[in-house]
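One structure is given here, and the rest of the page talks about it.
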Amino acid sequence: MATILSAQSTDVNVNRVTPELFRKYPTVADFAAITPEQLEPDVRSTGFFRNKSKSVVGAAKRVVSEFGGQVPDDMERLLTLPGVARKTANVVLGSWFGKAEGVVVDTHVTRIARRLELTRNTDAPKIEQDLMKVIPREKWILFAHQIIWHGRKLCIARRPKCVDCALENICHAGDKTWTTVEVHKSAKL
Ligand code: SF4
């Protein structure tokens with residue numbers, strides 16, 4: 001539920017909402033028993049709350065009716081849940097079930113994969129395929145966490161802190177703020 005709510009939102013925003021949300025609706029059956037309209041006030045601050053309410057309640061209903069109340073642990077069935085595309089499915093499979101079925105591609109992974117020239121693509125499914133080719137499978141889960149953390153702390157969107165970055169001498173990003181190596185103009189978003 002939290003992963004569905006995290007779309008187009010920050011973790012801070014989602015984490016502000018979920019403790020009370022899970023107190024109010026402690027099981028998937030509780031979410032399945034309400035209407036999206038009932039959920040809306042509780043998730044309003046995460047943005048896009050009407051769609052997210054529909055997705056959360058719809059996913060809960062499907063988990064209860066089709067999957068015996070258990071969140072599925074494979075990509076194919078996860079993708080049948082409302083509000084779940086590959087990114088959300090990869091988060092759940094990797095971080096909850098420990099299964100490396102793909103690589104999470106969010107805004108940080110997109111930006112940094114392009115800066116580090118691990119991909120030339122701009123859309124998430126193609127970026128994911130490129131990363132799956134160059135990153136060893138046993139590192140897929142951790143890689144996304146590491147890159148997202150790197151994107152929050154150092155390799156930020158507007159003014160990356162290149163002077164403090166351990167990857168500086170292998171990074172040719174076109175929008176670096178400091179460099180000791182040749183810069184490749186196309187290596188950026
Ligand atoms: S050197 Fe700069 S642009 Fe390259 S990965 Fe580090 S912070 Fe990002």
Side-chain angles (χ1 to χ4, degrees), residues 1-19 43 45-49 51-52 55 73-75 78-79 83-189:
M1 296 314 174
T3 313
I4 291 174
L5 293 176
S6 74
Q8 314 283 323
S9 187
T10 63
D11 284 2
V12 174
N13 253 341
V14 176
N15 291 342
R16 216 176 274 143
V17 161
T18 46
V43 300
S45 62
T46 68
F48 302 97
F49 63 95
N51 275 342
K52 288 182 185 177
S55 295
D73 64 352
D74 61 85
M75 181 67 79
L78 274 172
L79 291 179
V84 177
R86 275 194 73 93
K87 187 186 88 173
T88 302
N90 274 326
V91 170
V92 173
L93 286 170
S95 296
W96 181 252
F97 291 112
K99 287 187 170 182
E101 293 296 320
V103 179
V104 172
V105 177
D106 74 344
T107 175
H108 300 291
V109 175
T110 298
R111 179 176 71 254
I112 295 168
R114 285 187 53 86
R115 280 177 168 165
L116 292 175
E117 299 177 292
L118 302 175
T119 183
R120 287 191 173 141
N121 284 302
T122 47
D123 66 306
K126 288 187 186 151
I127 293 171
E128 186 186 354
Q129 290 305 314
D130 289 341
L131 293 176
M132 287 163 74
K133 284 186 203 122
V134 295
I135 309 295
R137 188 167 191 157
E138 67 272 17
K139 298 199 170 152
W140 286 356
I141 298 171
L142 189 57
F143 173 82
H145 285 294
Q146 290 171 320
I147 293 293
I148 290 166
W149 187 249
H150 185 53
R152 286 193 184 134
K153 295 291 163 187
L154 278 180
C155 196
I156 51 183
R158 300 246 175 250
R159 287 193 61 78
K161 299 174 181 171
C162 306
V163 72
D164 295 323
C165 178
L167 303 176
E168 192 285 317
N169 64 350
I170 57 161
C171 173
H172 301 273
D175 51 356
K176 286 176 84 172
T177 51
W178 183 79
T179 193
T180 59
V181 295
E182 181 191 332
V183 160
H184 300 163
K185 280 193 179 139
S186 63
K188 60 175 181 175
L189 260 185

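Only heavy atoms go into these numbers, but all of them, side chains included; no hydrogens, no water, no symmetry mates. One-based numbering along the sequence shown. Order of listing sets the numbers, starting from 1, for every ligand and every atom in it.
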Listing protein N, O or S under 2.8 Å around atom 2 (Fe) of ligand 1 gives C162 SG
Once rounded to the nearest 0.5 Å, what's the spacing between atom CG of L5 and atom CG of N15? 10.5 Å
Closer than 3.5 angstrom, by distance alone: can the side chain of R152 be matched with the main-chain N or O of H108 as a donor-acceptor pair? no
What are the two closest heavy atoms between K188 and R115, and how far apart are they? CA-CG, 4.5 Å
Run E117 and H184 through side-chain hydrogen bond (donor to acceptor under 3.5 Å, both in side chains) and show every step you take. CA-CA 9 Å; E117 299 177 292; H184 300 163; 2.7 Å; yes
What is the closest protein heavy atom to atom 5 (S) of ligand 1, and at what distance does it sit? H150 NE2, 3.6 Å
N90 and side-chain hydrogen bond (donor to acceptor under 3.5 Å, both in side chains): which partner among K99, E101, E128? E128
Distance (rounded to the nearest 0.5 Å) between L79 CG and R86 CZ: 7.0 Å
